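Scope of the values below: all heavy atoms of this structure, side chains included, with no hydrogens, waters or symmetry mates. All values reported here derive from a predicted model rather than from experimental measurement.
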Amino acid sequence: MHLPRSVFSDRQLDILLWLLRVNGIEDVPSVTAVKQMNKDLQNSSSVRTMDYKGALGNRYSCNLLSDLISQEFSNPRVCPHLRFYAEDNGKSVNQYFEARHWREAAHENDHQQIKLTPMAVIRGQHFYLYELCLLRNGGACVPYEWFIRKGKLHAMTWPVSIAETATLGRGWIVDEFKQFKISEDDFSVLFTSWRSSAATRGLPSPSKII
């Protein structure tokens, strides 16, 4: 009865509930209560099935991908095994997430990189790609790729420097011709916490890219 087009009838369900009662099981629900509970579970936890009509007029149904993904994320037996970042394992490639293609394909298309790994959680803070952030050594950078190396999160970043122009005033210049690898331990202040952090006093706004 938990499957679409189930042929499990109310009469069959009633027989199962009767067997529970005659075997001394207490608080056996009624058929109506079981059906209502099943309906509530389907609404809150099931995978929705969407109906579509093809170009030739044929009707078909498919499960909603977002529901399937959300269930995998919420499954404590599955989620720990999911990989969200590419891994740099040198020349050794034993898993798909260690392949160079994952990172190289993202480099060819910035939008593809955003779809893969747009954010990293570092000490409870959410650092996003292409957002200027402050490092612990007082420098600043713009991360454009997250990856794992030796079990620790790293970022490929562009260095930035403070500049001032007569028309735009003080701001940041991003040097995209230079790239640096930065460990997660070196990140300090993220884009959205810039104004409230004492470490950024006297520095231009992170949104002022000139």
Side-chain angles (χ1 to χ4, degrees), residues 1-89 92-99 101-103 105-106 111-129 131 145-155 183-185 187 190 192-193:
M1 64 180 299
H2 295 282
L3 299 174
R5 302 179 183 179
S6 173
V7 295
F8 203 84
S9 66
D10 291 355
R11 182 59 179 169
Q12 290 173 311
L13 177 60
D14 191 29
I15 293 174
L16 290 179
L17 297 177
W18 173 79
L19 288 173
L20 294 176
R21 286 191 292 268
V22 298
N23 282 278
I25 304 300
E26 299 180 354
D27 299 324
V28 176
S30 63
V31 173
T32 302
V34 171
K35 293 178 68 175
Q36 183 60 45
M37 180 179 62
N38 177 66
K39 183 179 179 181
D40 294 340
L41 288 174
Q42 291 290 342
N43 292 334
S44 63
S45 305
S46 68
V47 175
R48 288 171 288 177
T49 300
M50 310 300 292
D51 296 322
Y52 296 96
K53 188 175 183 180
L56 300 179
N58 300 317
R59 294 185 177 277
Y60 64 97
S61 302
C62 63
N63 292 332
L64 200 61
L65 180 61
S66 59
D67 286 354
L68 292 171
I69 294 175
S70 65
Q71 285 201 356
E72 298 296 351
F73 270 81
S74 61
N75 190 333
R77 295 190 176 184
V78 174
C79 192
H81 301 286
L82 298 179
R83 300 284 184 159
F84 306 105
Y85 303 101
E87 294 195 14
D88 183 2
N89 198 27
S92 175
V93 178
N94 298 313
Q95 303 287 344
Y96 71 93
F97 46 81
E98 298 172 345
H101 176 72
W102 191 350
R103 297 175 61 186
H111 297 292
Q112 182 69 12
Q113 180 62 46
I114 287 291
K115 291 179 181 179
L116 290 176
T117 53
M119 183 267 290
V121 180
I122 302 176
R123 295 186 296 278
Q125 300 185 95
H126 293 179
F127 289 84
Y128 282 86
L129 296 179
E131 289 187 353
E145 176 195 345
W146 304 112
F147 66 97
I148 302 292
R149 172 177 287 177
K150 296 182 179 179
K152 180 169 290 188
L153 183 67
H154 288 72
S183 168
E184 62 178 320
D185 298 331
F187 285 88
L190 72 162
T192 55
S193 301

Quick one: list whatever passes side-chain contact (heavy atoms from CB on, under 4.5 Å) with Leu190, sequence neighbours left out. Gln125, Phe127, Thr192, Ser193

Per the ring-ring contact (aromatic ring centres under 6.0 Å, His included) rule, what does the pair list look like for residues 23-49, sequence neighbours excluded? none

side-chain contact (heavy atoms from CB on, under 4.5 Å) partners for Tyr52, two or more places apart: Met50, Tyr60, Cys62

Once rounded to the nearest 0.5 Å, what's the spacing between atom CG of Asp51 and atom CZ of Arg59? 8.0 Å

Go through the steps to decide whether Leu17 and Val31 satisfy the test side-chain contact (heavy atoms from CB on, under 4.5 Å), and finish with yes or no. CA-CA 8 Å; Leu17 297 177; Val31 173; 3.8 Å; yes

Show me the donor-acceptor pairs within less than 3.5 Å that the side chains of residues 18-30 make with the rest of the protein, sequence neighbours left out.
residue : atom : partner : partner atom : Å
Asn23   : ND2  : Leu19   : O            : 2.6
Ser30   : OG   : Ala33   : N            : 3.2

Please identify each residue that fulfils salt bridge (charged side-chain N to carboxylate O under 4.0 Å, His left out) with Arg11, with sequence neighbours left out. Asp14

With sequence neighbours left out, which residue pairs that include part of residues 73-84 fulfil the salt bridge (Lys or Arg N to Asp or Glu O under 4.0 Å) condition? Arg83-Glu87

How many angstroms lie between CD1 in Ile148 and CG in Asp88, if you round to the nearest 0.5 Å? 10.5 Å

According to side-chain contact (heavy atoms from CB on, under 4.5 Å), who are the partners of Lys152, at least two apart in sequence or on a separate chain? His154, Ser183, Glu184, Asp185

Sequence neighbours excluded - side chain to side chain donor-acceptor pair (under 3.5 Å) pairs with any residue from residues 63-72: Arg48-Asp67, Thr49-Asn63

dist Trp146:CH2 -> Tyr128:OH (nearest 0.5 Å) comes out at 11.0 Å

Heavy-atom nearest pair, Phe147 first then Ala155, reads CE2-C, 4.0 Å

Got a sec, which residues hit side chain to side chain donor-acceptor pair (under 3.5 Å) with Asn58, two or more places apart in sequence or on another chain? none

Taking NZ, NE, NH1 and NH2 as the nitrogens, is one of them in Asp10 or Lys35 under 4.0 Å from a carboxylate oxygen of the other? yes

Name all residues meeting the side chain to side chain donor-acceptor pair (under 3.5 Å) criterion together with Asn75; count only those two or more places apart in sequence or in a different chain, and write none if there are none. none

Counterpart residues, side-chain contact (heavy atoms from CB on, under 4.5 Å), relative to Met37 (two or more places apart): Leu41

